[in-house]
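Residue numbering restarts at 1 for every chain, and letters A, B, ... go by the order of the sequence lines. Every heavy atom of this structure was used, including side-chain atoms; hydrogens, water molecules and symmetry mates were not.
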Amino acid sequence: GGDTANEDTSTDDTATEENGGDTATASDVEIAVVLKTLASEYWGYVKAGCDAAAADLGVTVNVVGPGAESEIEQQVSMIEQQIGAGCDAIIVAPNDAGAASGALASAIGSIPVLSVDTNVGIEGQTSFVGTSNVDAAKEGGLWAAEQAGEGANAVIIYGQEGDNTSNMRREGYQAACDEAGVTVLDALSGQNTTDGATKTMEDLLNAYPDQIDIVLCHNDDTAIGAMNACKSAGVDDMIIVGFDGNASAVDLILAGEMVKATVAQQPYEMGYQAVEAALKAIKGETVEEVINAPVTVVTAENGQEYLDSLAAMQG
Amino acid sequence: MKKKNSGKELLQKLGTLMALALLVLIFCVMMPDKFPRISNIMNIFKQASINCLIASGMLCALITAGIDLSVGSNCVLCTCTIGVLVQNFGITSMPLLIIAGLAVSTFAGFVNGILLTRLDLPHPFVSTLGMKNVLWGLALVITGSKSIAFTNTGVDNLMWIGGGSLFKTETFPGIPFSFILVLIVFGIFHVFLTRSALGRQIYCVGGNPEAARLSGIPSKNVLTFVYSLSGFMAGMAGVVSVGRLASANGNAGSTYDTDAIAACIIGGASFTGGKGTIWGTLIGALLMAVIRNGLNLMGASNDIQYIVIGAVIILAVTIDVFRNKAEARARKMAAQ
Amino acid sequence: MKKKNSGKELLQKLGTLMALALLVLIFCVMMPDKFPRISNIMNIFKQASINCLIASGMLCALITAGIDLSVGSNCVLCTCTIGVLVQNFGITSMPLLIIAGLAVSTFAGFVNGILLTRLDLPHPFVSTLGMKNVLWGLALVITGSKSIAFTNTGVDNLMWIGGGSLFKTETFPGIPFSFILVLIVFGIFHVFLTRSALGRQIYCVGGNPEAARLSGIPSKNVLTFVYSLSGFMAGMAGVVSVGRLASANGNAGSTYDTDAIAACIIGGASFTGGKGTIWGTLIGALLMAVIRNGLNLMGASNDIQYIVIGAVIILAVTIDVFRNKAEARARKMAAQ
Amino acid sequence: MSEYVVELKNITKRFPGVVALKNMSIGIRPGEIHGLIGENGAGKSTLIKVLTGVHTPEEGEIYVDGQKVVFHNPVQSREAGIACVYQELNIVKQLSVTDNVFMGRAVKKNGLLDYPRMYEEAKQALTTLGHPEIDVKMECGKLGTGQQQMVEIAKAVSLDAKLIIMDEPTSSLGKEEINQLMETVRGLKAKGVAILFVSHKLEELFELCDRVTVMRDGEHIVTQDIGDMTEDSLINAMVGRTLDNLYPKEFGVKGDVWLEARNLNEAGVLHDVSFKAYGGQITGFAGLVGAGRTETMRAIFGADRLDSGEIYVKGEKVHIRTPKDAIKKKIAFLTEDRKGQGLVLSLDVRTNLILANMKGFSNGPFLNKGKIEKSGQDNVESLRIKTPSLDEVTAQLSGGNQQKVVIGKWVNTDADIFIFDEPTRGIDVGAKIEVYHVMNDLVKAGKCVIMVSSELPEILAMSDHVVVMRGGRVMANIDRDTPHFNSEDIMKAAWGGELD
Ligand SMILES: Nc1ncnc2c1ncn2[C@@H]1O[C@H](COP(=O)(O)OP(=O)(O)OP(=O)(O)O)[C@@H](O)[C@H]1O
Ligand SMILES: Nc1ncnc2c1ncn2[C@@H]1O[C@H](COP(=O)(O)OP(=O)(O)OP(=O)(O)O)[C@@H](O)[C@H]1O
Ligand SMILES: [Mg+2]
Ligand SMILES: [Mg+2]
């Protein structure tokens, strides 16, 4: 469920580890944000959240990200660069756990370091803003299982081997199925693209004809691919769950397509809260170690509401 | 180039065809209940069609001893253009959308050609690599890095091109229209490459551009045409994507370039130019689709898939090399 | 080939050097408080080093009119091999790890060379493309598709190669050791390519393979050496990655191949072979690093970055082509 | 000790589709200059490549100094003391002269190449060949063809071999350079080096050689002392029949001016070049290598840009920007470099034959297969192109037969003005006569033929009118019926002398 988690943290005045901007006024505070990539809708919402927070709080926020989520070295470079260019806090959505930890090592202890969306447990990080991908996926999986009922069969289309997020979502889906008594027939990669997912789903439908009830997808692009495959195979009864809460996917849900739900991690909120938390940390206020951003399973019921809020956030 | 050659061409095709048949056989034996199903066969056709269309343009570039690394981005740009027109401008007229998409892609291809010929670049690798980035960036810019869904936007007839099937019955899943389109296009390409003057000129320019120029063949124009054609075909693949993917996403298409190249090379084209047939390319593309499909059906994970695909690519050229050698040896022994 | 040639080489380098200087100037003017900082300059060096190392091997392949598309995967495979040895086998001996990593990569390169020469492939594009997939798959298989962190695994001295800096003081961030390594390697390459018999043979094989063959140069062995060397350098980049990324991830390295190619071509190498200098490649790699760095500092979005990088790649070759033309014209006039 | 330094016994070598050498034997004595002659495709170059280890024969033996040897690669042959100047230039254009001279070898000091010494030795080798002006540090691609050939020869000469093979070394050299080369060859002979010398120019063989071997269709025909041979007996052995007239000139009816050039200028290359060429006539272009004849023709044909000047075709001023324009104006241009500019070597003979006239062989956008086939067979027959079939890849034809394919390509265009740049370079006497017949037929049909040639006998025998060029300028215009129409005066003009 989309419970709104503690956004306003208490203003307890125990100065945390830092010395970056002792009594800096908000206006010359610079916060760097390095996301997994900027070339996708989801991270676009995170960026929008960060930018909105920057405007509201009167700080400068620099949001960057490599061209694709697989570009680990690029992200390391970006982190180094942002630290090198002298920011007062840095917020990172790591593409690779070890790589990000390494790159952030020099910043730990001198400026607040926050991670957003993906918690890889960077040692000494000030705070994590987001939800566990495992938990979020699990929620989506449980919702689907509930719709399908016990004894249903599911397939998982994950993203890419070696990708942290993909692994975690896969784990969450699997856990949900185990818990709800749903059989997972197969888990295959959709290569993170609609094209790849379409092919994979076509093959899955062929391998398990008339057996699949639920398709749990790595993200919304993958879900759209799965939907295509079902449609062209003449299947019209399927519960497809996407992930990310992209507007295009919500449109499909509202239109009554086979994409029935998408797990929205509220990326905008995440971005906003991360910047807020960073500013607090700069000012020396205490920030919670884990700031839970809400997760919503967007379905036909709450879809319109969700869309409206998206539109409002983007202004 | 007929008579003996068509015998040779057949052999050429047969070589890869044999590899394809072998692969199909293996998968049939391994998964007798899954692989040889009629619905799966149709799936393979469907899955091959985007690669086929892109590969046909790539083939022409390869025949001229060039390469077009921008086709993947170009295909995506076409889909995104159509997506933006539908979403932001509310255009739903099928001909208009198709023309717009094809025009953008053909123009991008034309730019590739112009860069290559007017700048006298030694090789199109870099210019098309540059264009790949540029087009990719453009696709992201116009879509605002968001994915656009086509479902329920009133373009169902356009989507039918990539998603529809013909002769569908209760028991028969129908022949995917996208593959019928491929067959039509390939038929035209066959006639074009083997029977038309311009087609032969493409081979000549590939073999020796200077000799072609001094023989009155406008090499530069031929090259510009080839890259425009490659762009056009990428655009056609983009149009098919609309229905196939039901969405436009700037980040799709990252493997399209290498897949197309692999299909052409497996099918007998060569980086040194002057070689390659469209049927070979078809077989190459089907081979790639069959491997992916079969491995998916077996539930092979990504890592294994990479290894197998890499190995098959290497194997396919190896077969080709050995067949050519055997052929040369046979002719040598026959000489009296 | 000194005197006149070194004048030309200087010009060649100067052309790209000028482009580099111009770019630096632009960024300095646009971001006077961020870009010219000493820490940022050191960052650029650090960011260029993996590309530099990979590009040096790629350069040799390009000089022989070939290409090595497997370097990115190969580099990743090296890092992953080291990662697996550390994590699963608890090996922490620096020399052992380095040797193991380099051995794996060099062997992969050797396989590339063998495929090319023993199968008489017409061009290494396909074989190295195949190997790219195979190596990528292997990297995923051995790591179980998981990323492996090196921090606190007792290999700090190994990590220092890619992550450490020399002459670090309070105010000076230190010169990244990885870049010093690059300079040493490039110095060796310079001597190797210009002064050693084998180095010159590499140019011969690329410039005119038939002439090389007739002159008794063992072309096949030279080529096998070149691809092994390319593998070795990819391995060295992999060793640097250990410290630079502090992790081994099978999916890293997707842009390494094209970045390396771009660096070489910007630096004056050519797909038609026989051309290219190691210093040009250094400048090419720095140019790429500066663009990326500058655009990142400006907070340019991905789409814009793609477009700019694409445009710069095209621009760089264009400058090269025009410089060559101007030079040829000047020579023609001087001949009278 | 054997009688021969190098001996080949009963060599058979097959290629796909042809047997290039059949039971071929040849022996070369120490210190002799041994001529090797035969028609195009007779197997001369193949024989040489067997000797240098490039090709391994199916049957037969090789002896060096009486010892049986087997060559698997060029290094083994070189180590046995055999050096070779191949028929085709084998220069790495991107590398320096010195690098080329030392290709495949190295002079080392401390494990690295000793460039100062290599420069020195390269310079020395070139100086011996009479070319001290060639900068040994220069990129080879920037040298003219003649100079590149000299580098190639320097490469072989500097090897200190006991046998040096030269496969048509003179085909891209000018008169002066040929004389210089002959001197060098005689010098080598004096040092006891044996030379195997391949040429299609009979007079060179008579001037230079001690003995001559004639081969035909891959077989040995005769080996004799040159003194025992006459031009006729040599030709007879070579082509298997007597040729009564080496230059079968036939006259056409002089027509109008079909091609006129007025004040052609190209910076640094051409200076106010003007001339007229008539229908029904052969206009010869004489001059030394580098006289600018090729450049003139390329400019007229639209292959290069002119800075200024006017061109008239049949009295009408034309603007030719590309070769395509020129072909539209019915001009044909047979380039001197057949491999680089005349043929698509990777394609079959059939396609090459229609290369310049695809339109003429098409119905609408489609090619007319029947017409192409028929015309191709006609070409093979009338030009006597030696090829297994029309499907043969042109790269596998011998040099002379490739030249015939290029001629066929232009004959198939039904042009009116034919420019032949060195049309008989590298082709055998029999084939030469066939080329002359082609020209005669064209002239008799009223067409205008321009023949650029560096061979004076050919110019004198075949031209109705001669234009002499030097340094990008026209030096003289000489009609066949004027007293200046003789070799002395033409050479004088070519050297820059004034004719009265
Ligand atoms: N690599 C090859 N592959 C196939 N056929 C070949 C090859 N090289 C030569 N031939 C054939 O062998 C025969 C002999 O050719 P070769 O080049 O030895 O002739 P040549 O006597 O040197 O002629 P020319 O005077 O024209 O140079 C020709 O029929 C030619 O087509
Ligand atoms: N490859 C080359 N590089 C540079 N200059 C060249 C080259 N070839 C020819 N030249 C120069 O161009 C000018 C004209 O040469 P061109 O080849 O037209 O002479 P030609 O009379 O046709 O002689 P040839 O008998 O060699 O064909 C000369 O000054 C010559 O030195
Ligand atoms: Mg020959
Ligand atoms: Mg000439």
**Asked** CE of A:Met78 to CG of C:Leu297: how many Å apart, nearest 0.5 Å?
**Response**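 One finds 10.0 Å between CE of A:Met78 and CG of C:Leu297.
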
**Request:** Count the heavy-atom pairs under 4.5 Å between each of A:Gly65, A:Ser101, A:Ala105, A:Ala100 and chain C, then report the option with the highest count.
**Result:**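 Among A:Gly65, A:Ser101, A:Ala105, A:Ala100, the one with the most close pairs to chain C is A:Gly65.
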
**Under 4.5 Å from any heavy atom of chain A - which part of C:Phe35** =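 Neither part.
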
**Request:** Give, as side chain, backbone, both or neither, the part of A:Gln75 having an atom under 4.5 angstrom from any heavy atom of chain C.
**Result:**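 Neither; nothing under 4.5 Å.
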
**Request:** Supply the atom-to-atom distance C:Arg292 CZ to A:Gln74 CD, rounded to the nearest 0.5 angstrom.
**Result:**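 Rounded to the nearest 0.5 Å, the CZ-CD separation comes to 4.5 Å.
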
**Item:** From OG (C:Ser247) to CD1 (A:Ile72), nearest 0.5 Å
**Value:**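 Output value for this atom pair is 5.5 Å.
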
**Item:** Toward chain A, the part of C:Asn152 with a non-hydrogen atom under 4.5 Å
**Value:**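 When you check distances to chain A, only side chain atoms of C:Asn152 fall under 4.5 Å.
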
**Message:** A side-chain contact here means heavy atoms from C-beta on lying under 4.5 Å apart; do A:Asn62 and C:Lys34 qualify?
**Reply:**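 In short, these two side chains touch, coming nearer than 4.5 Å.
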
**Request:** Quick one: pull up SG in C:Cys75 and CD in A:Glu73 and give me the separation to the nearest 0.5 Å.
**Result:**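 Going from SG on C:Cys75 over to CD on A:Glu73, the span is 8.0 Å.
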
**Asked** Who wins among C:Asn293, C:Thr143, C:Leu295, C:Ile148 for the most heavy-atom pairs under 4.5 Å with chain A?
**Response**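 Looking at each option in turn, the highest pair count goes to C:Asn293.
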
**chain C contacts, top residue of A:Gly86, A:Ala32, A:Gly102, A:Ala103 (heavy-atom pairs, under 4.5 Å)** =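 Looking at each of A:Gly86, A:Ala32, A:Gly102, A:Ala103 in turn, A:Gly86 comes out on top.
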
**Request:** Would you mind checking which part of C:Tyr306 comes under 4.5 Å of any heavy atom in chain A, side chain (CB onward), backbone (N, CA, C, O), both or neither?
**Result:**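 C:Tyr306 touches chain A through side-chain heavy atoms alone.
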
**Message:** Need one label for A:Ser106: side chain, backbone, both or neither, based on atoms under 4.5 Å from any heavy atom in chain C.
**Reply:**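 Looking at A:Ser106, nothing touches chain C.
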
**Prompt:** Quick one: does A:Glu80's side chain get under 4.5 Å of C:Arg244's, heavy atoms only?
**Reply:**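 When only atoms from C-beta onward are counted, C:Arg244 and A:Glu80 do touch, with a gap below 4.5 Å.
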
